[in-house]
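In what follows, a single structure is set out as structure tokens and then discussed.
Bear in mind that the values here come from a model prediction, so they are computed numbers and not experimental data.
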Amino acid sequence: MTTAASLRTIASTEGGKVFYFHEFLTGLDLDLEQTRLLRHDNRGLVAWRRGGFQKFGCFASFQRRTPSPYAEAQLACHFVPGPMLADGDATGLFVGITRICDRWDWDGGRLPAIADPEIIESERDRQDVHAFDLEWIEAGLGHTERILVRWGPPAAARAWSQWAARRHKEILELRLDRREPPFPGFSKFMSRISEIPVLPQAWQGALASVRGVYLLVSEAGEQYVGSATGQEGLLGRWLVYAANGHGGNVLLRQRGHRDYAVSILEVASPDMSPDDILAREAHWKDKLGARAHGLNEN
């Protein structure tokens, strides 16, 4: 049996072997048949970063009635979005395990056991919602923000609530301590527009410090080449897309608010003028055929 205490040692000494999250849970003597795995969206990530166990626990205490992500489980393992992998697979960063103590139809009256004023206020008018009494359990707390799992390709990522006994998640990283993942570098950076507002602070700082040319790709593979010439750098430009979905582009506006994959084609040197950067943008549009076959009109 793989115990939680031995998992780090095994993972570090047997480089060729793959370990899975359900092995970690088995080592904690938890019933896989009664345990759900939940990879929350970016709202959960924001709640976690702003208020840790209290705010995130309150956020997780409100869920749709049908189908309920908790189903009839007794325990829930909570994950927040991790960095997207080079092959496009989503990842999940483990934050902890809650016991599901009670549930009821939310009417704004009875408050959940884990309460946060800001979260409660945001949930006041929601309909068709169950409220839950959740309780953080000690098991697994020593591995908060230390276990990163492969959740699966984008289609699998939409299945954000799964049974632990049926969906075995590969452990990609077992970190020695809680930390922000290192910035991958501009040439290797890949994300989605929806993830930009909740990127680690160090990543945001790096992206705000440079201007340059970037690439947006739709789920259908359509490409859009753009550039960031302002003082807030790439980050500032991408935050506009996160807010309105189109950044002022006509074709993107016609397609509505969509979540594009984003990467960096070229980082501008500090001495380049805005006109120089726009010239490099035009070069990349020609090189990639973004006008003829993509989402660029000019």
Between [X] and [Y], does any side-chain N to carboxylate O distance fall below 4.0 Å?
| X | Y | value |
| --- | --- | --- |
| D286 | R291 | yes |
| R110 | D105 | no |
| D87 | R150 | yes |
| R126 | E123 | yes |

> Do the rings of H22 and H168 sit parallel, tilted or perpendicular, given the 30° and 60° boundaries?
Replying inline: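 Geometry flag for H168 against H22: parallel rings.
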> Shortest non-hydrogen contact from Q223 to L288?
Replying inline: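 Scanning both residues, the minimum pair turns out to be OE1-CB, 3.8 Å.
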>> Restricting to non-hydrogen atoms, name the atom on H143 and the atom on F94 that form the minimum distance, rounded to 0.1 Å.
In response: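 That closest heavy-atom pairing would be O-CD2, 3.5 Å.
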Treating Ile, Leu, Val, Met, Phe, Trp and Tyr as nodes and any side-chain heavy-atom pair under 4.5 angstrom as an edge, say whether [X] and [Y] lie in one connected cluster.
| X | Y | answer |
| --- | --- | --- |
| F62 | L111 | yes |
| L25 | I147 | yes |
| L234 | I277 | no |

> Rest of the hydrophobic cluster containing M84 (Ile/Leu/Val/Met/Phe/Trp/Tyr, side-chain heavy atoms under 4.5 Å)?
Replying inline: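 For the cluster that includes M84, the remaining residues are M190.
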Distance-only, no hydrogens or angles: does the [X] side chain make a donor-acceptor pair with backbone N or O of [Y] under 3.5 Å?
| X | Y | value |
| --- | --- | --- |
| S218 | E222 | yes |
| Q54 | A115 | yes |
| R211 | V267 | no |
| Q204 | L199 | yes |
| K169 | V149 | no |

>> Within the supplied structure, the quantity of interest is the number of heavy atoms (other residues, nucleotides, ligands) at a distance under 6.0 Å from E33 CD; does it exceed 12?
In response: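 12 or below, so no.
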>> Taking atom CZ as the centre, does R65 end up with more than 12 heavy-atom neighbours from other residues, nucleotides or ligands that are less than 6.0 angstrom away?
In response: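 Enclosed: over 12 neighbouring heavy atoms sit under 6.0 Å from CZ of R65.
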> Does a donor on one side chain sit under 3.5 Å from an acceptor on the other, for D271 and S269?
Replying inline: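 Checked: D271/S269 side chains pair up, N/O donor to acceptor below 3.5 Å.
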> Distance only, no hydrogens: is a donor on one side chain within 3.5 Å (strictly under) of an acceptor on the other, for H130 and S68?
Replying inline: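 Short answer, no.
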>> Let's go through R175 and E145 carefully: what are the C-alpha distance in whole Å and the side-chain angles of both, what is the deciding distance for salt bridge (Lys or Arg N to Asp or Glu O under 4.0 Å) to 0.1 Å, and is it a yes or a no?
In response: CA-CA 8 Å; R175 301 169 179 173; E145 286 194 45; 5.8 Å; no
>> Apply side chain to side chain donor-acceptor pair (under 3.5 Å) to residues Y214 and R237 and explain how you reach the verdict.
In response: CA-CA 10 Å; Y214 57 86; R237 184 63 180 139; 3.3 Å; yes
> When the aromatic ring centroids of F53 and W48 are compared, is their separation below 6.0 Å?
Replying inline: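 Distance test on ring centres: under 6.0 Å, yes.
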